[in-house]
Amino acid sequence: MIIANPIYDAVFKYLLEDTNIARFILSTIIGEEIIDIEVKPQEHAIFSDFYLVKVFRVDFKATVQTKEGESKKILIELQKGKQLVDIMRFRRYLGENYQREDEIKNEKGEIEKRALPIITIYILGFTLENLPIPVIKSGRLYINVDTQEVLTAKNEFIEAVTHDCYVIQIPHLSLGLQTKLQKVLAVFNQKYILSRDDKRILNIPNELTDDEIIKQILDRLAKAAMNEDVRKQIEAEEEIENAIERTLRERDRIIEAKDKEIE
């Protein structure tokens with residue numbers, strides 16, 4: 001099946017604008033059922049001061065049904081980067097979310113402001129050293145330091161000042177499609193690029209269309225491939241990236257020439 005490549009910000013944004021699809025993708029990644037989701041108007045496309053790389057970010061306010069049957073409000077911060085970016089950018093965004101208070105209804109139905117627990121998800125177009133694993137979770141455990149016992153109770157204070165993190169390394173995604181997570185993330189797998197000359201299009205195996213919700217994701221991305229506005233945004237994104245690459249090559253050439261002159 002031919003779809004638009006969600007590695008591009010324009011396609012990724014188009015995909016997540018369907019809240020049902022966004023809810024399913026995020027639920028599959030974090031392994032918990034999201035029963036309600038709201039896209040937060042926090043979307044940034046900026047350039048790192050050093051690497052000059054575009055970074056996409058969008059936040060979701062979600063209601064999660066825990067495995068114990070409880071409901072909890074959380075903030076999910078989702079970022080995507082194609083190349084190695086300045087880590088301080090991610091830290092700054094995370095810091096902004098830690099400072100934010102969201103309006104939620106309490107048990108009495110009254111609106112109050114509260115700092116929500118945060119989950120971060122990073123979808124990376126590059127690999128991390130010494131971690132050849134497609135999806136990594138950095139989780140939290142409550143541990144009694146004296147006895148090393150793992151505690152099962154949760155506390156609002158600790159939940160508010162710590163967070164779980166999920167890292168998805170696109171280059172390490174395999175062609176195996178056994179689990180639901182593997183099937184969902186297959187739409188990001190760059191091994192399915194249709195042509196070396198055109199990375200905008202992926203050719204996804206037809207076996208994925210057997211799953212109804214994943215078929216909805218594929219249909220949405222197929223529509224993105226035909227959407228004129230999305231195509232124009234992709235072209236603009238490529239023009240910017242090509243200009244950046246030319247600038248970096250010229251910078252490296254100048255540095256190399258100066259080093260030889262110094263020698």
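Only heavy atoms go into these numbers, but all of them, side chains included; no hydrogens, no water, no symmetry mates.
- The side chain to side chain contact (heavy atoms under 4.5 Å, CB included) check on Q99 picks up nothing, with sequence neighbours excluded.
- Every residue two or more places apart in sequence or in another chain that forms a side chain to side chain contact (heavy atoms under 4.5 Å, CB included) with R231 is listed here: E228.
- With sequence neighbours left out, the side-chain hydrogen bond (donor to acceptor under 3.5 Å, both in side chains) criterion links E77 to Q79, N97.
- A donor and an acceptor atom, one from each side chain of K73 and T63, are located under 3.5 Å apart.
- To the nearest 0.5 Å, the span separating CG on D259 from CD1 on I254 amounts to 12.0 Å.
- Residues that satisfy the salt bridge (Lys or Arg N to Asp or Glu O under 4.0 Å) test with K137, not counting sequence neighbours, are absent from this structure.
- Between the side chains of Q190 and N5, at least one donor-acceptor pair of N or O atoms lies under 3.5 Å.
- For K113, the salt bridge (Lys or Arg N to Asp or Glu O under 4.0 Å) criterion is met by no residue, not counting sequence neighbours.
- To the nearest 0.5 angstrom, I119 atom CD1 is 3.5 Å from I74 atom CD1.
- In this structure, the separation between NZ on K183 and CD1 on I214 is 6.0 Å, given to the nearest 0.5 Å.
- A continuous path of ILVMFWY side-chain contacts below 4.5 Å connects V187 to M1, so both sit in one hydrophobic cluster.
- For K215, the side-chain hydrogen bond (donor to acceptor under 3.5 Å, both in side chains) criterion is met by D219, not counting sequence neighbours.
- In this structure, CD1 on I29 lies 5.5 Å from CD1 on I123, to the nearest 0.5 angstrom.
- The distance from the CG atom of L26 to the OG1 atom of T28 is 8.5 Å, given to the nearest 0.5 Å.
- Looking only at side-chain heavy atoms (C-beta outward), F60 and R23 stay at 4.5 Å or farther from each other.
- In this structure F188 satisfies the ring-ring contact (aromatic ring centres under 6.0 Å, His included) test together with F12, sequence neighbours excluded.
- Listed by first and then second residue, the side chain to side chain donor-acceptor pair (under 3.5 Å) pairs involving residues 154-164 are Y98-H163, R140-E159, R140-T162, R140-D164, Y142-E159 (not counting sequence neighbours).
- The shortest distance between side-chain heavy atoms of V135 and V167 does not fall below 4.5 Å.
- When side chains are defined from C-beta on, Y14 does not count as touching P6, because their heavy atoms never get closer than 4.5 Å.
- With hydrogens and angles disregarded, no donor-acceptor distance shorter than 3.5 Å links the side chain of Y166 to the backbone of I136.
- One hydrophobic cluster, built from ILVMFWY side chains closer than 4.5 Å, holds both L175 and I193.
- The backbone N or O of L173 lies less than 3.5 Å from a partner atom in the side chain of K191, making a donor-acceptor pair.
- Counting heavy atoms from C-beta on, the side chains of L16 and L78 come closer than 4.5 Å.
- R200 is linked by a side-chain hydrogen bond (donor to acceptor under 3.5 Å, both in side chains) to E238, counting only residues two or more places apart in sequence or in another chain.
- The line from CZ of F24 to CD1 of I217 is 5.5 Å long, rounded to the nearest 0.5 Å.
- For the pair Q169 (side chain) and L131 (backbone), a donor-acceptor distance under 3.5 Å is present.
- Between E112 and R114, at least one side-chain nitrogen of the basic residue sits less than 4.0 Å from a carboxylate oxygen of the acidic one, meeting the salt-bridge criterion.
- For the ring-ring contact (aromatic ring centres under 6.0 Å, His included) test, residues two or more places apart in sequence or in another chain that qualify with Y122 are F90.
- Side chain of N189 to backbone of S174: a donor-acceptor contact under 3.5 angstrom is found.
- Applying the side chain to side chain contact (heavy atoms under 4.5 Å, CB included) criterion to T179, with sequence neighbours excluded, gives L181, Q182.
- The side chain to side chain contact (heavy atoms under 4.5 Å, CB included) test applied to E149 returns N144, T147, L151, not counting sequence neighbours.
- The side-chain heavy atoms of I34 and I30, taken from C-beta on, include a pair separated by under 4.5 Å.
- For CD of E101, the number of neighbouring non-hydrogen atoms (other residues, nucleotides, ligands) closer than 6.0 Å is greater than 12.
- Here R253 pairs with E250 in a salt bridge; the nearest charged N to carboxylate O distance falls below 4.0 Å.
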